[in-house]
Amino acid sequence: MNRRDILKTAGLVAVGGALMPFDSLLKGAVPTNDKLTENENQTGLLSGRRKLGKSLEVSSVGLGVQNMSRTYQTTIPNRKQMHNIIQKAFDNGVTLFDTAEAYGPFECEKILGEATSSFRDKIVIETKFGWNIDQQTGARLPGLNSKPDHIKLVVEGILKRLKTDRIDLLFQHRVDPEVPIEDVVGAIEDLIKQGKVLHYGLSEPGVETVRRAHKIHPVAAIQNEYSLLWRGPEQKILPLCEELGIGFVAWSPLGVGFTTGAIDANTRFAQGDIRGGETRFSPENITKNLAMVEVLKNWAEKKNATPGQISLAWLLHQKPWVVPIPGTTQMEHMLENAGADNIKFSGTEFQELSKELNAIKIAGDRLPPFVQQFSDVEAPLKTK
């Protein structure tokens, strides 16, 4: 069965569960390019380094481990193979690894902890809290939970699962509309003083919430969806990051598989697959949006790369503090994603590429309303 057949037959485990792990659907599904060799873009050593905030240095491309406990085809990946991918990523220069308590729940943090114990001090681990998850059973309860006591309880579990004594970068997974951000940051400051957390960030936050948080304690990074399929952060979030000196971590940097060329006009999504509810992937809009993929394919030919690598290289060219975190459960895709760091554009090339891409208007909405409601949320004002 090829990748397109899988897309037609596979769905998410459940729509309710999709609220938390939908971010890396096929993020690493990069089509193989037979032209690439062991010494070219596909497997080149990733040497680029970037800073998130003032002092947190990471590899220019990270690795998301979200699907390593259960794929969106509902299969369970071989745990040892997942360990091998993580370890090979480190061997190839990747130092930023992304996970969350919600992924599994809990299992992806365990997998990452198992795989990185021998080189823990040489990498940066980022994880997330914020969904309402029972810390004993892992049951996903309704809504969000960023109450200070809950945050601290979650962090204790995270440390055990990651087999570490500190979290390099802790994100609030989504802004809790019932908890003032001042209370959230206050709890994180306590954890920083205890040495359990080194830096913190916010995912998909409202602009004013970022400003309020940053005044209390500097925000190291914002993690939002950002790709050629969704360029929303360019409007407010990226300018805010530049103004305040905050780094940016791009989730779903391959447009949930779209920019790799894995989706075409004939692709149909199985019942329960969240993309089936996104109007950008409706049959009529896929046809329109494929114009962007054609541009990427043409540039892939020019640069001896894959379309996915071109889309990651485009992200890397935006700002020196933007770091994509493509995820995958396939070794070859991880190597291709890391190889995007080797693709460089001259000033003229990037102007030409940008002109071609800017001429394409992506049709359809990013997310279904029931998912979008968790983004761009402002935390309530603190009254006492």
Side-chain angles (χ1 to χ4, degrees), residues 23-24 27-28 41 43-65 86 89-99 112 116 119-128 167-171 197-205 210 214 218-228 231 233-234 237-254 259 305 308-328 334-347 350 353-354:
D23 54 324
S24 64
K27 283 195 291 189
N41 291 334
T43 57
L45 184 67
L46 193 165
S47 60
R49 294 293 180 266
R50 298 190 164 202
K51 281 190 177 180
L52 299 176
K54 292 184 177 180
S55 60
L56 185 58
E57 186 174 276
V58 300
S59 54
S60 57
V61 178
L63 174 65
V65 306
I86 293 168
F90 171 70
D91 291 341
N92 277 263
V94 175
T95 66
L96 177 64
F97 296 85
D98 179 85
T99 186
L112 185 59
T116 59
F119 50 86
R120 171 63 187 95
D121 293 339
K122 298 179 180 179
I123 62 173
V124 170
I125 292 178
E126 57 183 36
T127 188
K128 312 174 197 74
I167 300 165
D168 300 294
L169 179 53
L170 179 67
F171 283 100
V197 172
L198 302 186
H199 307 270
Y200 85 104
L202 305 172
S203 183
E204 299 281 329
V210 177
H214 195 69
V219 176
I222 291 176
Q223 184 175 137
N224 277 28
E225 180 179 3
Y226 185 32
S227 71
L228 282 168
R231 296 173 64 171
E234 295 174 359
I237 292 296
L238 291 182
L240 180 68
C241 287
E242 189 149 42
E243 174 192 342
L244 299 180
I246 298 173
F248 185 94
V249 177
W251 67 258
S252 199
L254 294 172
T259 68
Q309 286 180 321
I310 296 297
S311 65
L312 291 175
W314 176 88
L315 273 175
L316 290 170
H317 202 283
Q318 296 307 303
K319 298 291 181 181
W321 34 264
V322 169
V323 181
I325 49 167
T328 184
M334 180 278 292
L335 293 171
E336 287 187 11
N337 293 341
D341 180 62
N342 295 327
I343 299 170
K344 309 298 180 183
F345 302 105
S346 68
F350 193 73
L353 172 61
S354 297

Note to self: Could you walk me through whether L96 and V124 satisfy the side-chain contact (heavy atoms from CB on, under 4.5 Å) test, starting with their C-alpha distance in whole Å, then the side-chain angles of each, then the deciding distance to 0.1 Å, before giving a yes or no?
What the structure shows: CA-CA 5 Å; L96 177 64; V124 170; 3.7 Å; yes
Item checked: Check against side-chain contact (heavy atoms from CB on, under 4.5 Å), T127 and L112 -> CA-CA 10 Å; T127 188; L112 185 59; over 6 Å; no
Item checked: Residues L316, V322; criterion side-chain contact (heavy atoms from CB on, under 4.5 Å); working and verdict -> CA-CA 6 Å; L316 290 170; V322 169; over 6 Å; no
Next item on the list: Determine, step by step, whether H199 and L52 satisfy the side-chain contact (heavy atoms from CB on, under 4.5 Å) criterion, reporting the C-alpha distance in whole Å, the side-chain angles of both residues, the deciding distance to 0.1 Å, and the verdict.
Entry: CA-CA 10 Å; H199 307 270; L52 299 176; over 6 Å; no
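Heavy atoms only, all atoms of each residue included: S311 and G308 are closest at OG-O, 2.7 Å. The heavy-atom pair separating W251 from I325 by the smallest distance is CA-CG1, 4.1 Å. Scanning all heavy atoms of the two residues, the minimum distance from K128 to D98 falls at NZ-OD2, 2.8 Å. The heavy-atom pair separating I246 from A221 by the smallest distance is CG2-CA, 3.6 Å. The nearest pair of heavy atoms linking V219 to V210 is CG2-O, 4.4 Å. Considering all non-hydrogen atoms of both residues, E204 and E225 come closest at OE2-N, 2.9 Å.
Within a 6.0 Å sphere centred on NZ of K344, other residues, nucleotides and ligands contribute more than 12 heavy atoms.
The OG1 atom of T328 sits 8.0 Å away from atom CG of L63, with the distance rounded to the nearest 0.5 Å. We find the CG-CG distance between L254 and L312 to be 4.5 Å, quoted to the nearest 0.5 Å. Here CD1 of I86 is found 12.0 Å from CG of D91. Values are rounded to the nearest 0.5 Å. The distance from atom OG of S203 to atom CG of N224, rounded to the nearest 0.5 Å, is 6.0 Å. Here OH of Y200 is found 14.0 Å from CG of L56. Values are rounded to the nearest 0.5 Å. The distance from atom OG1 of T116 to atom CD1 of I125, rounded to the nearest 0.5 Å, is 4.0 Å.
No donor-acceptor distance shorter than 3.5 angstrom exists from the side chain of R50 to the backbone of G247, with no hydrogens or angles considered. Between the D341 side chain and the G48 main chain, a donor and an acceptor come within less than 3.5 Å of each other. Side chain of S59 to backbone of T95: a donor-acceptor contact under 3.5 angstrom is found.
Using a 4.5 Å heavy-atom threshold, the side chains of R49 and S60 count as separate. Considering only heavy atoms from C-beta on, N92 stays 4.5 Å or farther from L46 through its side chain.
Salt bridge R120/D168: present, at least one basic N to carboxylate O contact under 4.0 Å.
By the side chain to side chain contact (heavy atoms under 4.5 Å, CB included) test, S346 is found to be paired with T348, E349, residues two or more places apart in sequence or in another chain being considered. For E234, the side chain to side chain contact (heavy atoms under 4.5 Å, CB included) partners at least two apart in sequence or on another chain are Y226, R231, L238, W314, Q318.
Note on ring orientation: taking the six-membered ring where Trp is involved, the planes of F119 and F90 are parallel (angle under 30°, cut-offs 30° and 60°).
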